Amino acid sequence: MLPPYTKPHLSFADQLALLVQRGMVVTDQARAVLHLQRIGYGRLTPYWQPFQQLVPDPNDATLSVRSEQFQAAAEFRHAVDLYLFDKQLRLLFLDAVERIEVALRVDLAHALGKRDPFAHRSTAFLDAHRANQPFQGGTRHQSWLDNADRAIARSKEDWVKEFYATYSPPVPIWMAVEAWDFGTLSWLLEMAHPNDRAAVAKRYGLLPNTLVSWIKTLAFVRNISAHHARLWNAGIINQPMVPKPFEAPQLVHIGSDLERRTRVYGAAAVASYFVGRIYPGTTWPNRMKAHWQAFPVMPFATPLKVVFCRPGIRKQFGPELDGVRLRAFGDTTILACS
């Protein structure tokens with residue numbers, strides 16, 4: 001039986017004292033306390049974990065576990081720098097996802113709406129095999145439709161009030177999509193009629209299964225970013241599918257190293273691809289690359305840990321900076337870190 005939690009409540013000053021006791025260097029105590037007050041001990045914890053010592057696992061000597069003690073030269077300000085870097089990283093992703101989400105709403109509304117104004121409500125207009133799969137005591141489609149309808153019912157948008165004051169339900173798909181979040185859209189895309197999935201995928205030069213996989217990846221990243229969770233060095237559960245060379249050759253390289261897909265690099269490469277297709281000439285890839293090249297200098301944490309800059313890896317971001325070697329691949333610039 002596991003023991004109950006017995007650690008006491010600590011004041012902000014005591015929290016800082018505990019970190020110092022464990023070996024954390026604090027160069028400005030007043031400022032550090034302010035950060036603990038405004039950001040929180042718990043939220044900063046993942047950002048100072050790379051600074052902690054690794055010791056042999058007492059239950060398995062072949063493994064290591066993280067100690068509460070910090071390595072020499074671990075500084076509180078570096079954890080804050082990582083937090084601020086991650087905050088800007090999330091904002092960059094939200095900027096890209098907003099453009100992709102809006103485009104996907106139009107894509108789905110246009111493709112399904114041609115079949116029927118209410119095509120999203122009936123499996124007769126969808127991929128019946130996927131839509132009718134068992135899920136939570138019902139079917140995937142019924143579960144999805146319940147969530148989709150609740151999203152419209154919760155909406156405070158004027159058009160929703162005007163619709164129900166003028167018409168009886170349900171709401172046609174070209175209006176309903178405006179009330180759905182990215183996750184709801186990704187589910188509908190996966191359940192869409194195969195011909196409709198193919199039509200949407202063709203717009204982006206992708207195979208349907210690649211499109212669905214990449215949208216799911218971005219939906220996962222969007223949820224992390226929107227809820228202010230840690231994105232830097234986080235594991236990506238919905239990893240992007242490796243594309244075929246004929247559909248997106250500039251992203252085939254994400255398949256040669258699992259870490260490229262399990263960390264944020266794969267999601268950034270996918271976002272860059274979509275934004276470039278939607279808005280040719282966008283500066284988003286350059287801004288993302290510049291952000292990583294401005295990674296704060298500190299011991300124990302580098303861009304290499306998230307596979308954004310590793311020798312021999314080709315990347316999809318921006319023009320040459322700081323002597324970084326480049327290769328042109330089609331209409332996309334590929335970055336290779338030396």
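In this text the structure is predicted, and so the values were computed from the model without any measurement. Heads up: numbering here begins at 1 and tracks the sequence.
- The aromatic rings of Phe51 and Phe300 sit tilted relative to each other, their planes meeting at an angle between 30° and 60°.
- Note: the hydrophobic cluster containing Leu36 also contains Leu84 (ILVMFWY, side chain heavy atoms under 4.5 Å, direct or indirect links).
- Leu82 is listed as a side-chain neighbour of Met298, based on a closest heavy-atom distance under 4.5 Å.
- Asp57 places no side-chain N or O within 3.5 Å of a backbone atom of Ser64 that could act as its donor or acceptor partner.
- The number of heavy atoms from other shown groups lying within 6.0 Å of CZ (Arg66) is above 12.
- Residues meeting the side chain to side chain donor-acceptor pair (under 3.5 Å) test with Gln88, sequence neighbours left out: none.
- Between His120 and Trp144, some side-chain heavy-atom pair lies under the 4.5 Å cut-off.
- Aromatic ring centres of Tyr83 and Trp48: separated by at least 6.0 Å.
- Considering all non-hydrogen atoms of both residues, Phe274 and Ile215 come closest at CZ-CD1, 4.0 Å.
- No side-chain heavy atom of Thr262 sits under 4.5 Å from any side-chain heavy atom of Ile236.
- Within 6.0 Å of NE2 on His291 lie more than 12 heavy atoms contributed by other residues, nucleotides or ligands.
- Considering only heavy atoms from C-beta on, Arg287 comes within 4.5 Å of Asp95 through its side chain.
- Shown here is Phe246, whose CZ atom has more than 12 heavy atoms of other residues, nucleotides or ligands within 6.0 Å.
- Of the possible polar contacts, one joining the His193 side chain to the Asn195 backbone as a donor-acceptor pair under 3.5 Å is found.
- When side chains are defined from C-beta on, Phe76 does not count as touching Asp28, because their heavy atoms never get closer than 4.5 Å.
- Side-chain N or O atoms of Thr283 include none that pairs as donor or acceptor with a backbone N or O of Asn286 at under 3.5 Å.
- Linking Ile, Leu, Val, Met, Phe, Trp and Tyr whenever their side-chain heavy atoms come within less than 4.5 Å leaves Leu207 and Ile254 in two separate clusters.
- In this structure, the ring of Phe85 has its center less than 6.0 angstrom from the ring center of Trp292.
- Two residues are said to be in side-chain contact when any heavy atoms from C-beta on lie closer than 4.5 Å; Gln52 and Gln71 fail this criterion.
- Across all their heavy atoms, Thr217 and Gln239 have their closest contact at OG1-C, 3.4 Å.
- Checked against the 6.0 Å centroid threshold, Trp214 and Tyr273 count as a close aromatic pair.
- Note: Phe12 and His35 fail the aromatic proximity criterion, with ring centroids not under 6.0 Å apart.
- The side-chain heavy atoms of Lys114 and Asp196, taken from C-beta on, include no pair separated by under 4.5 Å.
- The aromatic rings of Phe163 and Tyr167 are tilted relative to each other, their planes meeting at an angle between 30° and 60°.
- Closest of all the heavy-atom pairs between Ala268 and Trp284 is O-CZ3, 3.7 Å.
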